[in-house]
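Each chain gets a letter, A, B and so on, in the order the sequences are listed, and its residues count up from 1.
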Amino acid sequence: MRRQVKSLGFSYDWDRQVDTTDIRYYKWTQWIFLKLFNSWFDEDLQKARPIEDLPIPEGLLETQREQYIHDRRLAYEAFAPVNWCPELGTVLANEEVVGGVSERGGHPVIRKPMRQWMLRITQYADRLLKGLDSVDWPESIRKLQTDWIGRSVGASVDFQVDGHEDVVRIFTTRPDTLFGATYMVLAPEHPLVDAITTEVYRADVNRYRELAARKSDMDRTDLAKDKTGQFTGAYAVNPVNGVLIPIWISDYVLISYGTGAIMAVPAHDERDWEFAKKFELPIIPVVQPTVEAAHKTDLAAKLRAEAIKDVAGAVIAAVKRCEICFIGDGAAINSGSFNGLSTAEFKTKITDWLAERGLGKQAVCYKLRDWLFSRQRYWGEPFPIIHTADDKTVALSERDLPLGLPEVADYKPTGTGEPPLAKSTEWVNVTLPDGRKGKRETNTMPQWAGSCWYYLRYLDPHNESQAVAPEKENYWMPVDLYIGGAEHAVLHLMYSRFWHHLLYDLGYVSTPEPFRKLINQGMILGEDNQKMSKSRGNVINPDKVIADYGADSMRLYEMFMGPLEVAKPWSMQGVEGVHRFLNRLWRVVIDDNTGRLSDIVQPVPADEETQRLLHQTIRKVGEDIETFGFNTAISQMMIFVNHLSKLTTRPTNAVESLVLVLAPFAPHLCEELWRRLGHPDSLAYEPWPAFDPSRTRAKTVELAVQVLGKIKDRIVVAADADIAAIEAAALASEKVQAALAGKTVKKAIVVQGRLVNLVV
RNA sequence: GCCGGAGUGGCGGAACUGGCAGACGCGCGGGAUUCAAAAUCCCGAGGGGCUUAAGCCCCGUGUGGGUUCGACUCCCACCCCCGGCACCA
């Protein structure tokens, strides 16, 4: 890998190479983990603070106190469902589960809650969202992250369970449809399900919950078309009108979003509509569509096709008769004293109304989930955590880092779901300084952990006492340009930002955001326009290309292929093409027979055209490098080389300038030419050639003359000719006169340097 | 289904802020050089048609409309491809 990168001639500083699996590196990954563990997020200040600063309510028992702190640490333990395969005795990643069975062996996989480490990235949701405004990233990536965070504003509302102490809290973005809530749905995993289920339904409910547990996330969504569910026997009281509504469980409600429970308004929510239709639950319309919204419905499109006159009226009537589900805005109906309010007004009014009565309040929800940060694998950074015999979780102190991985006989899973490290008993069992016995955490950190902050380590890779020295961090950060594949658009780039924000809050880094500018490079496809893969046999080996054509041709071709950001197919003939260009340049400078500087390269002044092309080339290449338009920079240099090759005397200064601007693209060849042009030192020490804007302009320009937009002739005028002169010259053309055929010119549009358009 | 990006010769692609579409490269055709070939150099070329010819005409940037003196570029509707998300209440 390193050899290959070097062979391309990249100017990497190899002294700064880091290895995230090196204990000297992951010591600091563990250090950052301790920072997460020992911090909490102050929602008022919107920033992380040391856990010692956490205000703790008075009068808590010791265990309550610990729980209180635990619930606020940015790294915490929780039971989260994982893909557990009993047959293989191991936890599988999502992509290892296909259709509810393991990819290898086809054994059943269930979703089993297991103890996991989680990172409270959700606390940073707003910060991560806001930060996107300050970075120079492609719009598409910012959108992707915005959607991933998925902020939505609504209300949380409490529903009293009839005959119970318990209330079910729900989140809704449409509190204005409360009067249309005809039933409730809890996620099968919802903690209240057991308590509220009546005896008659208990067996059915349990059966349904088991069925749901067996489905993977994938299956749940795949089966979206066909809704399933089970009545619990319990009823809730609709807080706005006291109506009793049945409580169901169904896996179309996700435990991980909102509160894991919803109020169902089938008239105005498509999922609820489908469910209500299937289980024959009542539907009450509470929003009368605005005329505008009515026109946007599918039914409206259909009615228009049938040439119905009053489309909006028909749609409104259909909504009122519960014939269609309407999810847009409108005016409240069937909503008691709120009738007539617009959707927006109603939302505000009802939220206030609920808040006054202590039944609900405004709430914000995010799609973003806390980050499941542990893996049941051997390879990964060990957590600097000890679980004591008296059931406490203790973190190592920073001076006890690093905590290395033990040598083990094998890396295979244990079969019990315990991670492989659990087998290493002498590593696992420890005695704390105070004499207490404990066991080390045996989960390890995911691949993402080390890659979350490597850009910081590059700044100070050998520092043994700090992750990065502040003065170095301050000098280098932020990262000016991050070029990466779009596959990292959300995960890696979100996790990195999250860690960076934490380090910023704690004062270890000086910039709120790590990556100022971001570019997604496009994938290079095989010659068959398919993704390169061994199985397709379309893989291009750079070693081979470099051996056959040289590193400069390889580099130049990659840049000449097309825009950096788009996917494009490789072409061996294209490599051939740029290789020819480099050869031609060589022959422009070097006499092929003698191998020495060509006799026709002479220290003579360049003629006007050569001068102009040279200055245009210097300008274009400089500008294109700034905008990453390498393909057009190269094409301009090709134009100039083509021109030079036609000259019988080639001015040394033009040749030298060309070599200097091409050097970043084809460094090896250019260095060689530079030497042969008589310079003993590397061209790397030369300044970038300057261009004179006045020399980029020609004295005369050719303009197209159009009559009614069709080109009839081309005229040559002085570059600085004024509009009147250009118009006169255009009218003087015989071809133009012929095209005008005696008609009078109503208007002449003259665009200097471009064209003349005569309107008749 | 929703969101984002794109669609230009045989191919990769270029075109400033609405101003000569197809730069540059590949491939292709013709020629020069050569005993021959490779390499190299020169010329040609978007498609179609008219003309003995110089030349001329029509069509043309996914499709159909629109705005404009003028549209690859702006607006509306649609088609196709790529990427992402996918019961997020």
For nucleotides [N] and [M], find the distance between their [atom1] atoms and express it as a whole number of Å.
{"N": "B:U17", "M": "B:U52", "atom1": "P", "answer": "47 Å"}
{"N": "B:C76", "M": "B:C24", "atom1": "C1'", "answer": "36 Å"}
{"N": "B:G25", "M": "B:C41", "atom1": "P", "answer": "11 Å"}
{"N": "B:G84", "M": "B:G66", "atom1": "P", "answer": "38 Å"}
{"N": "B:G46", "M": "B:A54", "atom1": "P", "answer": "16 Å"}
{"N": "B:G13", "M": "B:A21", "atom1": "P", "answer": "23 Å"}
{"N": "B:A89", "M": "B:C78", "atom1": "P", "answer": "26 Å"}
{"N": "B:A23", "M": "B:C79", "atom1": "P", "answer": "34 Å"}

Checklist line | Residue closer to the 5' end of RNA chain B, A:Tyr366 versus A:Asp147 (nearest nucleotide) | finding: A:Asp147
Check: If you find the nucleotide of RNA chain B closest to A:Phe581 and the one closest to A:Leu758, which residue's nucleotide is nearer the 5' end?
Finding: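 Its nearest nucleotide lies further toward 5', so the answer is A:Phe581.
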Check: Cation-pi between A:Arg497 and A:Trp137: NZ/CZ under 6.0 Å from ring centre and within 45° of the ring axis?
Finding: yes
Next item on the list: Would you kindly check if the NZ (Lys) or CZ (Arg) of A:Lys227 is within the cone defined by 45 degrees around the ring axis of A:Phe275 and under 6.0 Å from the six-membered ring centre?
Entry: no
NA contact type, [X], heavy-atom cut-off 4.0 Å: base, sugar-phosphate, or nothing?
{"X": "A:Ser645", "value": "nothing"}
{"X": "A:Asn583", "value": "nothing"}
{"X": "A:Lys620", "value": "nothing"}
{"X": "A:Glu702", "value": "base"}
{"X": "A:Leu144", "value": "sugar-phosphate"}
{"X": "A:Ser571", "value": "nothing"}

According to a strict under-4.0 Å criterion, is [X] in side-chain N/O contact with OP1 or OP2 of [N]?
{"X": "A:Asn631", "N": "B:A14", "answer": "yes"}
{"X": "A:Ser140", "N": "B:G83", "answer": "no"}
{"X": "A:Arg580", "N": "B:G27", "answer": "yes"}

Next item on the list: May I ask you to verify whether the side chain of A:Arg584 and the base of B:C41 hold a donor-acceptor pair under 3.5 Å?
Entry: no
Notebook entry, point to check: Could one point to a donor on the side chain of A:Lys746 or the base of B:C69 with an acceptor on the other under 3.5 Å away?
Noted result: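 By the distance-only test, no, there is no pair.
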Next item on the list: Check whether the ring centres of A:Trp570 and A:Tyr557 lie less than 6.0 Å apart, and answer yes or no.
Entry: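 Ring centres of A:Tyr557 and A:Trp570 closer than 6.0 Å.
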Check: Looking at A:Phe560 versus A:Phe630, is the centre-to-centre ring distance below 6.0 Å?
Finding: no
Are more than 12 heavy atoms from other residues, nucleotides or ligands located less than 6.0 Å from atom [atom1] of [X]?
{"X": "A:Asp133", "atom1": "CG", "answer": "yes"}
{"X": "A:Arg612", "atom1": "CZ", "answer": "yes"}
{"X": "A:Gln530", "atom1": "CD", "answer": "yes"}

Distance in angstrom units between [X] [atom1] and [N] [atom2], rounded:
{"X": "A:Gln521", "N": "B:G5", "atom1": "CD", "atom2": "P", "result": "19 Å"}
{"X": "A:Glu727", "N": "B:C69", "atom1": "CD", "atom2": "P", "result": "17 Å"}
{"X": "A:Glu565", "N": "B:G13", "atom1": "CD", "atom2": "C1'", "result": "14 Å"}
{"X": "A:Asn520", "N": "B:C82", "atom1": "CG", "atom2": "C1'", "result": "14 Å"}
{"X": "A:Gln145", "N": "B:G4", "atom1": "CD", "atom2": "P", "result": "17 Å"}
{"X": "A:Arg142", "N": "B:G4", "atom1": "CZ", "atom2": "P", "result": "14 Å"}
{"X": "A:Glu734", "N": "B:A54", "atom1": "CD", "atom2": "P", "result": "19 Å"}
{"X": "A:Lys227", "N": "B:A89", "atom1": "NZ", "atom2": "P", "result": "14 Å"}

Check every atom of [options] against the side chain of [X] and return the nucleotide holding the closest atom.
{"X": "A:Val253", "options": "B:A89, B:C41, B:G12", "result": "B:A89"}
{"X": "A:Lys143", "options": "B:C3, B:C69, B:A14", "result": "B:C3"}
{"X": "A:Phe171", "options": "B:U40, B:G19, B:A89", "result": "B:A89"}
{"X": "A:Ile639", "options": "B:U40, B:C24, B:C3", "result": "B:C24"}
{"X": "A:Ile711", "options": "B:A21, B:A15, B:C24", "result": "B:A21"}
{"X": "A:Trp148", "options": "B:G19, B:C85, B:A89", "result": "B:C85"}
{"X": "A:Arg587", "options": "B:U40, B:A23, B:G70", "result": "B:U40"}
{"X": "A:Lys710", "options": "B:C26, B:G4, B:C59", "result": "B:C59"}
{"X": "A:Lys646", "options": "B:G13, B:C87, B:C42", "result": "B:C42"}
{"X": "A:Pro569", "options": "B:C87, B:G12, B:A89", "result": "B:G12"}

Next item on the list: Go through the steps for A:Thr617 and A:Gln636 under the test side chain to side chain donor-acceptor pair (under 3.5 Å), then give the verdict.
Entry: CA-CA 6 Å; A:Thr617 302; A:Gln636 179 64 38; 3.2 Å; yes
Item checked: Partners meeting side chain to side chain donor-acceptor pair (under 3.5 Å) with A:Asp126 (sequence neighbours left out) ->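 Only A:Arg151, A:Tyr366 meet the side chain to side chain donor-acceptor pair (under 3.5 Å) criterion with A:Asp126.
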Checklist line | Residue of the set A:Leu129, A:Thr122, A:Ile121 for which side chain to side chain contact (heavy atoms under 4.5 Å, CB included) holds with A:Ile149 | finding: A:Leu129
Item checked: Consecutive-pair stems (3 or more, Watson-Crick or G-U, under 3.5 Å) for RNA chain B -> B:1-5 with B:81-85, B:10-12 with B:24-26, B:28-32 with B:40-44, B:46-50 with B:55-59, B:62-66 with B:74-78
Check: Where does B:G83 fall, syn or anti, if syn means a chi angle no more than 90° from 0?
Finding: anti
Check: Does a side-chain N-to-carboxylate-O contact under 4.0 Å join A:Glu558 and A:Arg555?
Finding: no
